[in-house]
Amino acid sequence: MTGQSALPADRKRELRAAAAAARGKLPADQRNALSSLVCRHAAEKLAGEEVKTLLAYVPFRSELDTRPLIAGAWAEGCTVLLPRVIQATGMMSLHPVHSWEELVPGAFGILEPAADSADRLERLPRPDVIFVPGLAFDRRGGRLGYGRGYYDRLRATLDTEAALQGKDPLWIGLAFGRQVVEEVPMDDHDAYMDLLITEDGVIDCRRERQHGI
Ligand SMILES: Nc1nc2c(c(=O)[nH]1)N(C=O)[C@@H](CNc1ccc(C(=O)N[C@@H](CCC(=O)O)C(=O)O)cc1)CN2
Ligand SMILES: Nc1ncnc2c1ncn2[C@@H]1O[C@H](COP(=O)(O)OP(=O)(O)OP(=O)(O)O)[C@@H](O)[C@H]1O
């Protein structure tokens with residue numbers, strides 16, 4: 001990693017580049033092995049939580065491969081929602097997906113539900129769990145994404161709805177252990193994770209924040 005600059009925006013940019021490079025250096029076979037470990041920890045966590053609906057993401061570039069987690073959720077009869085990026089507004093719409101065949105390459109080449117996918121979040125049960133991608137995380141639940149704020153905006157939207165419905169989804173960051181850093185610089189709008197899952201297991205970020213560690 002390079003030395004710290006004074007401004008959070010500069011530090012984020014530096015960390016983004018370093019984290020993307022570190023993740024990209026993982027050979028594919030290791031990435032697959034670590035991904036299945038992370039997915040196994042995540043599935044175990046879900047089994048204990050009575051999850052009916054979850055929001056997942058389909059990996060791109062050298063991201064952790066979440067596909068075993070999605071396939072496992074289908075097998076368990078969970079409703080799996082996947083996001084579709086709406087570039088014009090910076091928002092994401094959420095759609096139930098039942099098979100890989102329903103996906104098409106969308107913005108940034110990420111596999112997403114097709115644009116004409118009928119169901120939207122408004123008419124759906126809210127996700128009980130949200131799996132969040134990221135370039136880097138810290139143990140307190142700090143997260144660094146690609147810098148477009150999609151998940152921060154989703155959080156803001158869901159928080160407004162939660163105030164009406166009284167139900168908060170569990171936010172879970174998924175990452176390789178090498179993506180966990182000492183501290184991610186966080187702005188006011190940045191959403192903290194509740195849990196972070198790596199190949200080493202589950203980190204309760206809420207507890208880490210409470211105990212100031
Ligand atoms: N698998 C997956 N799906 C996801 C996300 C993710 O991180 N992973 N996102 C999480 O938010 C959203 C997509 N966000 C993205 C934001 C920026 C870039 C991107 O290519 N950025 C340029 C930086 C320059 C620029 O801003 O154009 C780059 O990285 O080269 C890609 C995806 C929604 N879906
Ligand atoms: N709730 C929000 N409403 C409007 N704009 C927001 C909101 N949250 C974040 N933004 C904007 O999004 C931009 C990117 O934020 P940030 O650098 O934290 O992205 P990120 O979390 O790394 O990216 P991503 O979530 O796409 O992976 C910032 O310019 C920020 O002002």
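Along the sequence shown, the residues carry numbers beginning at 1. Atoms within each ligand, like the ligands themselves, are counted from 1 in listed order.
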Exercise for review: Identify, for atom 30 (O) of ligand 1, the protein heavy atom at the shortest distance, and state residue, atom and that distance.
Suggested key: Arg61 NH2, 3.9 Å

Revision key, fill the gap. The answer for which part of Arg13 has a heavy atom under 4.0 Å from ligand 1 is neither

Practice item. Using a strict cut-off of 4.0 Å, indicate which atoms of ligand 2 neighbour a heavy atom of Tyr151. Key: 25 (O)

Check your understanding: Quick one: nearest non-hydrogen protein atom to atom 18 (O) of ligand 2, plus distance?
Key -> Asp190 OD1, 2.5 Å

Practice item. To the nearest 0.5 Å, tell me how far Ile172 CD1 sits from Lys45 NZ. Key: 7.5 Å

Revision key, fill the gap. Counting from 1 in the order shown, the ligand 2 atoms closer than 4.0 Å to a non-hydrogen atom of Gly149 are 12 (O), 14 (C), 15 (O), 19 (O), 20 (P), 23 (O), 24 (P), 25 (O), 26 (O)

Check your understanding: If you count the atoms of ligand 1 from 1 in the order shown, which ones are under 4.0 Å from a heavy atom of Tyr150?
Key -> 11 (O), 12 (C), 13 (C), 14 (N)

Point to revise | Sub-3.5 Å N/O-N/O distance, Leu144 and ligand 2 | key: no

Exercise for review: Check whether any side-chain N or O of Gln179 sits under 3.5 Å from a backbone N or O of Phe176 as a donor-acceptor pair, and report yes or no.
Suggested key: yes

Practice item. For Val58, take its heavy atoms, then give the atoms of ligand 1 lying under 4.0 Å from any of them. Key: 1 (N), 2 (C)

Study note, to complete from the structure: Near Tyr151 (heavy-atom distance under 4.0 Å), the atoms of ligand 1 are 9 (N), 10 (C), 11 (O)

Review point. Do Leu54 and Leu81 come close enough that some side-chain heavy atom pair is under 4.5 Å?
Key: no

Exercise for review: Let me see the working for Phe137 and Tyr192 under ring-ring contact (aromatic ring centres under 6.0 Å, His included), right down to the final yes or no.
Suggested key: CA-CA 9 Å; Phe137 293 88; Tyr192 281 87; over 10 Å; no

Point to revise | Carboxylate-amine/guanidinium proximity below 4.0 Å for Asp190 and Lys12 | key: yes

Revision key, fill the gap. Ligand 2 atoms nearer than 4.0 angstrom to some heavy atom of Arg16 are 17 (O), 22 (O)

Point to revise | Arg84 side-chain N/O to Pro113 backbone N/O, donor-acceptor pair under 3.5 Å | key: yes

Check your understanding: What part of Glu112, side chain from CB on, backbone N/CA/C/O, both or neither, has a heavy atom under 4.0 Å from ligand 1?
Key -> neither

Practice item. Using a 4.0 Å heavy-atom threshold (strictly under), name the region of Arg155 that reaches ligand 2: side chain, backbone, both or neither. Key: neither

**Study point:** Nearest-neighbour protein heavy atom for atom 27 (O) of ligand 2, which is reported as residue plus atom name and distance
**Key:** Arg143 NH2, 2.7 Å

Review point. Is the closest basic N to carboxylate O distance between Asp65 and Arg67 below 4.0 Å?
Key: yes

Review point. Is Glu44 salt-bridged to Arg40, going by a charged N under 4.0 Å from an acidic O?
Key: no

Check your understanding: With a 4.0 Å cut-off, strictly under, does atom 21 (N) of ligand 1 pick up any protein heavy atom?
Key -> no

Practice item. Kindly state if atom 24 (C) of ligand 1 has a protein heavy atom within a strict 4.0 Å cut-off, that is, under 4.0 Å? Key: no

Review point. Got a second to check how far Leu196's CG is from Leu174's CG, nearest 0.5 Å?
Key: 8.0 Å

**Study point:** Identity and distance of the protein heavy atom lying nearest atom 5 (N) of ligand 2
**Key:** Arg153 NE, 3.3 Å

Point to revise | Nearest neighbour in protein (non-hydrogen) for atom 5 (C) of ligand 1 | key: Pro133 CG, 4.0 Å

Check your understanding: Is the closest N or O pair between Arg148 and ligand 1 shorter than 3.5 Å?
Key -> yes

**Study point:** Ligand-side contact atoms (ligand 1) for residue partner Met92, heavy atom cut-off under 4.0 Å
**Key:** 33 (C)

Point to revise | Note, Ile70 side chain near Leu82 side chain (heavy atom, < 4.5 Å) | key: yes

Check your understanding: Of all the non-hydrogen atoms in the protein, which one sits nearest to atom 17 (C) of ligand 1, and at what distance?
Key -> Tyr146 CB, 3.5 Å

Study note, to complete from the structure: ligand 2 to Tyr150, heavy atom cutoff 4.0 Å, flagged ligand atoms 24 (P), 25 (O), 26 (O)

Revision key, fill the gap. If we number the atoms of ligand 2 from 1 as shown, the ones under 4.0 Å from a heavy atom of Lys12 are 16 (P), 17 (O), 18 (O)

Exercise for review: Please determine if Arg140 and Glu208 form a salt bridge, counting it only when a charged side-chain N lies under 4.0 Å from a carboxylate O.
Suggested key: no

Check your understanding: Judging by distance only, is a nitrogen or oxygen of Ala156 under 3.5 angstrom from one on ligand 2?
Key -> no

Check your understanding: Measuring to protein heavy atoms, does anything land under 4.0 Å from atom 2 (C) of ligand 1?
Key -> yes

Point to revise | Heavy-atom side-chain contact between Asp128 and Pro169 under 4.5 Å | key: no

**Study point:** Heavy-atom nearest neighbour in the protein, as seen from atom 22 (O) of ligand 2, with distance rounded to 0.1 Å
**Key:** Gly145 N, 2.8 Å

Review point. Would you say Glu63 and ligand 1 have an N/O pair spaced under 3.5 Å apart?
Key: yes

Check your understanding: What residue and atom, counting heavy atoms only, is the protein's closest point to atom 21 (O) of ligand 2, and at what distance?
Key -> Asp152 OD2, 3.0 Å

Check your understanding: What residue and heavy atom of the protein are closest to atom 9 (C) of ligand 2, and at what distance?
Key -> His189 CD2, 3.1 Å

Revision key, fill the gap. the protein heavy atom lying closest to atom 14 (C) of ligand 2 turns out to be Gly147 O, 3.3 Å

Review point. Considering only heavy atoms of Tyr146, which atoms of ligand 2 have at least one such atom less than 4.0 Å away?
Key: 22 (O), 23 (O), 24 (P), 27 (O)

Practice item. Run the salt-bridge test on Arg155 and Asp152 with the 4.0 Å N-O cut-off and return the result as yes or no. Key: no

Check your understanding: Nearest protein heavy atom to atom 15 (C) of ligand 1: under 4.0 Å?
Key -> yes

Review point. Between Tyr146 and Phe60, does the ring centroid distance fall short of 6.0 Å?
Key: yes

Review point. Ignoring hydrogens and geometry, is there a side-chain-to-backbone donor-acceptor pair from Asp187 to His189 under 3.5 Å?
Key: no

Revision key, fill the gap. Heavy-atom proximity to atom 4 (C) of ligand 1, picking from Val132, Ile110, Leu82, Leu154, points to Ile110

Check your understanding: Would you say Tyr150 and Gln87 make side-chain contact, with heavy atoms under 4.5 Å?
Key -> yes

Check your understanding: Centre of Phe108's six-membered ring, under 6.0 Å away, within 45 degrees of the axis: is that where NZ or CZ of Arg61 sits?
Key -> no

Review point. Just by distance, with hydrogens left out, do Arg23 and Ser62 show a side-chain donor and acceptor under 3.5 Å apart?
Key: yes

Revision key, fill the gap. min-distance protein heavy atom vs atom 33 (C) of ligand 1 -> Val85 CG2, 3.5 Å

Check your understanding: Would a search of protein heavy atoms around atom 29 (O) of ligand 2 find one under 4.0 Å away?
Key -> no

Exercise for review: Would you indicate whether the side-chain heavy atoms of Leu55 and Val129 approach each other to under 4.5 Å?
Suggested key: no

